[in-house]
There are 2 protein chains.
Amino acid sequence: MPESRPHPAPPRKRAPRGTLDRVRVLLAATAIMAEEGTEAVTIRRIADELDVRPMALYTYFRSKDEVLAGIYTRLLAEIDLPVADEGPDGIRAVMHAYYELLIEHAALARIHLAADHYGQGDLRVSEKLHGFLLARGLDDRAATELVATLVRFTIGSALLRPLPNLPEEDPQAWRNSQRDTQVVSASDRSPSPAPGTGLPDFTGDEFFEHGLDLILAGVPPRK
Amino acid sequence: MPESRPHPAPPRKRAPRGTLDRVRVLLAATAIMAEEGTEAVTIRRIADELDVRPMALYTYFRSKDEVLAGIYTRLLAEIDLPVADEGPDGIRAVMHAYYELLIEHAALARIHLAADHYGQGDLRVSEKLHGFLLARGLDDRAATELVATLVRFTIGSALLRPLPNLPEEDPQAWRNSQRDTQVVSASDRSPSPAPGTGLPDFTGDEFFEHGLDLILAGVPPRK
DNA sequence: ACCTGAACACCGTTCAAGT
DNA sequence: ACCTGAACACCGTTCAAGT
């Protein structure tokens with residue numbers, strides 16, 4: 001009778017029936033992301049964390065993408081938006097909360113914005129802004145347009161926060177792209193921006209602030 | 001003498017020494033992208049196209065990422081920017097050229113903006129705008145801020161062009177995220193935007209136009 | 001210097017099968 | 001309904017070796 005074989009690798013016992021649900025999966029995934037970064041979040045890694053086989057997750061999510069969307073939506077649902085348009089400026093408070101979330105979870109935000117399923121969370125921000133603007137006297141159409149502009153500007157700002165690479169940073173790479181685009185066409189091609197010239201030293205965050213000023217310039221203050 | 005064996009799969013002959021260079025790789029990659037989509041662009045697929053083994057590409061590019069950056073930079077270098085601020089509005093012409101490129105190559109743009117190596121091409125757009133604004137009488141600082149805002153807004157607009165998914169489109173998915181974010185915290189959580197309400201029927205392109213109007217409102221016309 | 005062979009260390013996902 | 005085993009069809013990239 002072959003009892004008690006030495007150490008034949010403890011055969012992981014089958015997970016009981018109720019171990020999983022959507023939220024548990026999202027919590028595990030979020031934990032992995034926080035500790036090991038966004039690219040460590042894989043179906044297989046999440047399954048490991050939950051002591052389950054990879055395929056088990058597919059009972060609750062159609063794809064890895066849906067998992068990432070879930071994480072993002074939860075993060076957005078968690079941010080504190082001001083209840084009313086109060087303090088120095090409720091609009092700017094909302095914008096800052098949104099911007100800072102995108103910055104803090106930059107890697108996830110990039111993946112998520114690159115895919116096409118923002119929605120839930122972003123709409124919460126939009127509706128909040130819309131309400132504040134109506135209360136300040138804008139009509140529905142004007143409010144809608146302004147909100148759309150603010151959201152688009154904020155997303156662009158978050159993506160560009162690590163400012164465009166200038167030649168000093170990687171001269172080799174810079175020269176490479178110069179050559180790559182050399183003979184594209186013989187027409188008027190402005191000879192690549194002069195290295196030292198151009199942008200004064202603004203940070204990405206400063207650009208965000210100035211852009212807000214600009215876009216909100218015509219908006220009446222709260223009453 | 002074992003001559004002329006039937007059909008032992010023609011052993012692909014070794015590629016001669018000069019077959020590759022950066023531009024040839026980029027052209028092949030661009031062709032694949034045009035015909036089979038962005039996700040078909042892999043190191044292995046490009047190598048196939050060039051009748052070369054995958055590793056050969058690494059003599060010219062450090063990574064797949066660098067290849068994609070190269071494609072993007074070439075595309076941006078190819079767009080026709082107005083030479084001078086003429087026609088009804090040179091600024092808007094530049095913005096439209098930029099926006100349309102991002103839309104036309106949406107998949108690539110998303111990947112590229114998600115990574116951190118815009119630079120070359122985007123700077124060409126920025127410098128052009130900057131010049132036009134100086135000619136209209138703005139000082140350097142004001143021009144820089146306005147350009148930064150325009151670029152960020154345009155990038156956000158391109159990413160959001162396929163508008164946020166509304167509940168009608170995939171009710172199941174919508175309900176799922178509702179439940180996912182249910183118990184996040186007990187505090188004041190606005191009860192998810194009312195489905196039918198909200199945005200009038202604007203298209204992504206219309207939002208872009210209105211945003212441009214808004215941001216450019218205070219800019220003096222060209223002289 | 002430039003190109004190749006083979007392998008490493010992974011992926012997400014399908015399919016069929018267990019419970 | 002929910003969880004698993006095994007396999008499919010890929011990836012990008014490293015390392016060592018040829019020419």
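The chains referred to below are lettered A, B, ... by the order of the sequence lines, with proteins before strands, and numbering in each begins at 1. Bear in mind that the values here come from a model prediction, so they are computed numbers and not experimental data.
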Proximal nucleotide (of [options]) relative to the [X] side chain:
X      : options                  : answer
T59(A) : dC3(D), dT13(C), dC11(C) : dC3(D)
A56(A) : dT13(D), dC2(D), dT4(D)  : dT4(D)
R14(B) : dT13(D), dT19(D), dC3(D) : dT19(D)
M55(B) : dT4(C), dA1(D), dC15(C)  : dT4(C)
R44(B) : dT13(D), dC2(C), dC3(D)  : dT13(D)

- hbond_proxy R53(A) side chain to dG5(D) base (donor-acceptor, 3.5 Å cutoff):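 Under the 3.5 Å cut-off, the side chain and the base do not form any donor-acceptor pair.
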- Message: Apply side chain to side chain contact (heavy atoms under 4.5 Å, CB included) to residues Y98(A) and L76(A) and explain how you reach the verdict.
- Response: CA-CA 8 Å; Y98(A) 192 31; L76(A) 256 185; 4.0 Å; yes
Examine distances only and state if a side-chain atom of [X] and a backbone atom of [Y] form a donor-acceptor pair shorter than 3.5 Å.
X       : Y       : answer
R110(B) : A114(A) : yes
S177(B) : D180(B) : no
T149(A) : E145(A) : yes

- Message: Looking at T19(A), I'd like to know whether one of its side-chain N or O atoms comes within less than 4.0 Å of OP1 or OP2 on dC2(D).
- Response: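 Checking dC2(D) against T19(A), no side-chain N or O comes under 4.0 Å of OP1 or OP2.
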- Look at the rings of H96(A) and F208(A) and say which category their plane angle falls in: under 30° parallel, 30 to 60° tilted, over 60° perpendicular.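 Because their plane-to-plane angle is over 60°, the rings of H96(A) and F208(A) count as perpendicular.
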- Query: Taking the inter-plane angle between the rings of F202(A) and H210(A) on a 0 to 90° scale, is it parallel (under 30°), tilted (30 to 60°) or perpendicular (over 60°)?
  - Reply: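 It falls in the perpendicular class, over 60°.
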- Can you tell me which stems involve DNA chain C, if a stem is defined as three or more consecutive Watson-Crick or G-U wobble pairs, both distances under 3.5 Å?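 If one scans DNA chain C for consecutive Watson-Crick or G-U pairs, the stems found are C:4-8 with D:12-16, C:12-16 with D:4-8.
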- Which part of the nucleic acid, if any, lies within reach of F61(B) when heavy atoms closer than 4.0 Å are counted: base, sugar-phosphate only, or nothing?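 The answer is nothing, as F61(B) stays clear of every strand by at least 4.0 Å.
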